[in-house]
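The chains referred to below are lettered A, B, ... by the order of the sequence lines, with proteins before strands, and numbering in each begins at 1.
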Amino acid sequence: MHDIKAIRQNPEIYDKAWARRGLEPQTITILDKDKLVRRALQVQQEAEAARNKASKQIGAAMGRGDKEAAETLKTEVAGAKNVIAMMGEQIDAEKTVLNDLLAALPNLPFDDVPDGADEDANVDIRKHGTPRTFDFTPKAHDDLGEALEMMDFETAAKMSGSRFVVLSGKLARMDRALSAFMLDIQTEENGYTEHVPPFLVWPQALFGTAQLPKFEDDQFKTTTGHYLIPTAEVSLTNIVRESIIDADTLPLRMTAHTPCFRSEAGSAGRDTKGMIRQHQFNKVELVSIVKPEDSAAEHERMLGCAEEILRRLELPYKVIELCTGDLGFGARKTYDLEVWLPSQNTYREISSISNCGDFQARRMNARYKHAEKDNRFVHTLNGSGLAVGRTLVAVLENFQNQDGSITIPDALLPYMGGVKVIK
RNA sequence: GGAGACGUGGCCGAGUGGUCGAAGGCGCUCCCCUGCUAAGGGAGUAUGGGUCAUAAGCCCAUCGAGGGUUCGAAUCCCUUCGUCUCCGCCA
């Protein structure tokens, strides 16, 4: 959510930043509405003051038995109430328009974010590891999994349709092993506190992290009005909603291993094969709540925490920085981690790490005590550390052997219960 | 799922239609007193918003949230969320 006061003061900053994301100037419309709201508010408040005053006088008049005066005053109040109601309607209508407008506008990219229209303009930051050279043609993860009879898309389709999978045996175990491995590193080494949050949330929680109102179509909604979380970012970040945090408890670093549910509306035809794009997948999520002045450094730190998993698993990856055109709605700056997939001969996204500034904090009213009588909005950051399903895909493809077996990476061995090779 | 009770400021807790943004206590801040890690006295101590110089002042709203009744609501009514108790059910 955007700070209307800040827009009033520096509209050009907003229009410039939105232009970098390909948007038309917005502030003229916004400030116009804002002016209308405030003008009506003034009129309404004056009427309210008049009503309050007259009402008190009625009380006094009744006290001394002056019914005539009371009646006159009642007429006065009735007039004021008319004005209040009329203005109220006007204010509600205009405020709704204004809020809808503000809620649907994306966050401002930081100055140092590269300009660009789409993902082609994303910038490579660095590469780590060298893709392995195979002396055979590497197979796709789903071919490997199906051949092992531990990855079954057909069976999943019978009960749930497309974009679902049943993992079994050693591959199911590997999903669990990866999750435990990631959680252990993030909690024991990187200082994140483990959480088990709700997987079903109310719309206001999704509004807080900015999946709503714009991305309703990407969510699964239940008959009770709950939504299945598309990422634990929603649950973890909303832990601080409507609260005022003591400054010395910051930064808050939280992690959770949860399933994620995405309708994938609009991605029909994309990644239809295999486990890359599913309606349901597991993910270890990282969320940091920090003071504004710490968010840039925290962003770099969080990137390192996510990278650490790939390094330990010996998976080749690269770090890219998203350009303005590819930046997510709530983000001011985002790094993506892309892992090497031999079968596709390319790097594919496995983690996204974003600094949202105070954007989400405003939407959920999450503040910290900056000084006596001065509460400020926190900054929120989130990142995958990592997407478990895609990590499993990467392990299968990068550690496959010619006979279709999978060698378990050393780092994962302690979690695999003695299994060294899946065959 | 059934029956009932409750939801007030940082905390505890009064308040059942008017002068209540809200008594009192605790906590906290400042001052005074006190020759001292105590006691006492005094003052202050919510949030959001409008006006405005992002001052002072004035004004509006907020007693879980939303709506209603009323000239007037923390107080009455409805809806909703949450907490607690009993019964039922269940992993």
Novice: Which residues satisfy the ring pair (Phe, Tyr, Trp, His ring centres under 6.0 Å) test with A:His299, sequence neighbours excluded?
Specialist: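 Ring pair (Phe, Tyr, Trp, His ring centres under 6.0 Å) check on A:His299 returns A:Tyr335.
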Novice: Assuming nearest nucleotide by heavy-atom distance, tell me which of A:Arg8 and A:Ile244 is located more 5' along RNA chain B.
Specialist: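 By nearest-heavy-atom nucleotide position, the 5'-most residue is A:Ile244.
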Novice: Suppose the criterion is side-chain hydrogen bond (donor to acceptor under 3.5 Å, both in side chains): which pairs have a residue in residues 86-113 of chain A, not counting sequence neighbours?
Specialist: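 Non-adjacent pairs meeting side-chain hydrogen bond (donor to acceptor under 3.5 Å, both in side chains): A:Asp112-A:Lys333.
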Novice: Once you apply a heavy-atom cut-off of 4.0 Å, does A:Leu41 come out as touching a base, just sugar-phosphate, or nothing?
Specialist: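 Since only primed, P, OP1 and OP2 atoms lie under 4.0 Å of A:Leu41, the category is sugar-phosphate.
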Novice: What are the atom names and distances for every N/O pair under 3.5 Å that joins the protein to nucleotides 73-78 of chain B?
Specialist:
none

Novice: What's the CD1-P distance between A:Ile58 and B:G17, to the nearest Å?
Specialist: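 Between P of B:G17 and CD1 of A:Ile58: 19 Å.
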Novice: For A:Glu48 and B:U62, what is the distance between atoms CD and C1' respectively, to the nearest whole Å?
Specialist: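 Rounded to the whole Å, the gap is 12 Å.
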Novice: Given B:G72, is OP1 or OP2 found less than 4.0 Å from the side-chain N or O atoms of A:Lys81?
Specialist: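 Checking B:G72 against A:Lys81, a side-chain N or O does come within under 4.0 Å of OP1 or OP2.
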Novice: The side chain of A:Gln42 lies closest to which of these nucleotides: B:C81, B:C71, B:G50?
Specialist: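 Closest nucleotide to the A:Gln42 side chain: B:G50.
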Novice: Rounding to a whole Å, what distance do you find between A:Arg241:CZ and B:C81:P?
Specialist: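 Atom-to-atom, A:Arg241 to B:C81, this comes out as 16 Å.
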Novice: Suppose we screen for side chain to side chain donor-acceptor pair (under 3.5 Å). Which residues come up paired with A:Thr324, at least two apart in sequence or across chains?
Specialist: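 Result, side chain to side chain donor-acceptor pair (under 3.5 Å) vs A:Thr324: none returned.
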Novice: Go nucleotide by nucleotide along RNA chain B from the 5' end; which of A:Lys5 and A:Val77 gets its closest nucleotide reached first?
Specialist: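 Looking at the nearest nucleotide for each, A:Lys5 comes out on the 5' side.
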Novice: Without swapping roles, check the side chain of A:Asp34 against the backbone of A:Ile30 for a donor-acceptor pair under 3.5 Å.
Specialist: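 Looks like no, no N/O pair under 3.5 Å.
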Novice: Measuring to OP1 and OP2 of B:A61, would you say a side-chain N or O of A:Asn52 lies under 4.0 angstrom away?
Specialist: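 Yes, such a contact exists.
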Novice: How far, in whole Å, is B:C12 from B:G27 if one measures between their C1' atoms?
Specialist: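 Result for the C1' pair: 10 Å, nearest Å.
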Novice: Would you mind listing every ring-ring contact (aromatic ring centres under 6.0 Å, His included) that reaches into residues 20-52 of chain A, with sequence neighbours excluded?
Specialist: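 Qualifying pairs: none.
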Novice: Output the single nucleotide from B:G72, B:G50, B:G82 whose closest atom is nearest the side chain of A:Trp202.
Specialist: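 The listed nucleotide nearest to A:Trp202's side chain is B:G82.
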Novice: Need one value for A:Arg367: base, sugar-phosphate or nothing, where a base atom within 4.0 Å counts as base even if backbone is also close, heavy atoms only.
Specialist: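 Sugar-phosphate only.
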Novice: Run the side chain to side chain donor-acceptor pair (under 3.5 Å) test against A:Arg277 and tell me which residues pass, sequence neighbours left out.
Specialist: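 For A:Arg277, the residues satisfying side chain to side chain donor-acceptor pair (under 3.5 Å) (neighbours in sequence not counted) are A:Glu264, A:Asp271.
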Novice: Looking at the rings of A:Phe220 and A:Tyr227, which for Trp means the six-membered one, are their centres under 6.0 Å apart?
Specialist: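 For A:Phe220 and A:Tyr227, the ring centres are not under 6.0 Å apart.
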Novice: Starting at atom CE of A:Met87, determine the distance to atom C1' of B:G49, rounded to an integer number of angstrom.
Specialist: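 Going from A:Met87 (CE) to B:G49 (C1'), I get 18 Å.
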Novice: Among all residues two or more places apart in sequence or in another chain, which pass the side chain to side chain donor-acceptor pair (under 3.5 Å) test with A:Gln186?
Specialist: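 Partners of A:Gln186 under the side chain to side chain donor-acceptor pair (under 3.5 Å) test: A:Asn190.
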Novice: Nearest whole Å is fine: how far is B:G50 P from A:Leu98 CG?
Specialist: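 Rounded to the whole Å, the gap is 12 Å.
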Novice: Using the six-membered ring of A:Phe359, assess whether NZ or CZ of A:Arg332 lies under 6.0 Å from its centre and within 45 degrees of the ring axis.
Specialist: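 Here A:Arg332 fails the 6.0 Å and 45° test against A:Phe359.
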Novice: Using atom CD of A:Gln204 as one end and atom C1' of B:G82 as the other, report the distance to the nearest whole Å.
Specialist: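 A:Gln204 atom CD is separated from B:G82 atom C1' by 13 Å.
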Novice: Could you note down all residue pairs passing ring-ring contact (aromatic ring centres under 6.0 Å, His included) where residues 148-167 of chain A supplies at least one of them, sequence neighbours left out?
Specialist: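 Every ring-ring contact (aromatic ring centres under 6.0 Å, His included) pair that includes a residue of residues 148-167 of chain A, provided the two are not neighbours, is A:Phe164-A:His279.
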Novice: List for me each residue that meets side chain to side chain donor-acceptor pair (under 3.5 Å) alongside A:Thr155, sequence neighbours excluded, and say none if there are none.
Specialist: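 A:Thr155 satisfies side chain to side chain donor-acceptor pair (under 3.5 Å) with A:Asp152 only.
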Novice: Just the rounded figure in Å: distance from C1' of B:C59 to CD of A:Glu46.
Specialist: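 Rounding to the nearest Å, CD of A:Glu46 and C1' of B:C59 are 9 Å apart.
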Novice: Please measure how far the C1' atom in B:U54 lies from the corresponding atom in B:A38, and state the result in whole Å.
Specialist: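 So the two C1' atoms sit 44 Å from each other.
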Novice: Could you tell me the separation between the CZ atom of A:Arg376 and the P atom of B:U54, rounded to a whole number of Å?
Specialist: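 From A:Arg376 CZ to B:U54 P: 17 Å.
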Novice: Quick one: which residue pairs count as a ring-ring contact (aromatic ring centres under 6.0 Å, His included) with a foot in residues 66-94 of chain A, not counting sequence neighbours?
Specialist: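 Every pair satisfying ring-ring contact (aromatic ring centres under 6.0 Å, His included) with a residue in residues 66-94 of chain A: there are none.
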Novice: Counting side-chain heavy atoms from CB outward, which of B:U51, B:C60, B:G18 is closest to A:Arg38?
Specialist: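 For A:Arg38, the side-chain atoms sit closest to B:U51.
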Novice: Are A:Arg312 and A:Glu189 close enough for a salt bridge, meaning some N to O gap below 4.0 Å?
Specialist: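 Yes, charged N to carboxylate O under 4.0 Å.
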Novice: Write out the stems for RNA chain B, ordered by first number and formatted as range with range, counting runs of at least 3 consecutive Watson-Crick or G-U wobble pairs under 3.5 Å.
Specialist: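 Correct response: B:1-7 with B:81-87, B:10-12 with B:24-26, B:27-32 with B:40-45, B:46-51 with B:57-62, B:64-68 with B:76-80.
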Novice: Might you list the N or O atoms of the protein lying below 3.5 Å from N or O atoms in nucleotides 64-69 of chain B, with each pair's distance?
Specialist:
none

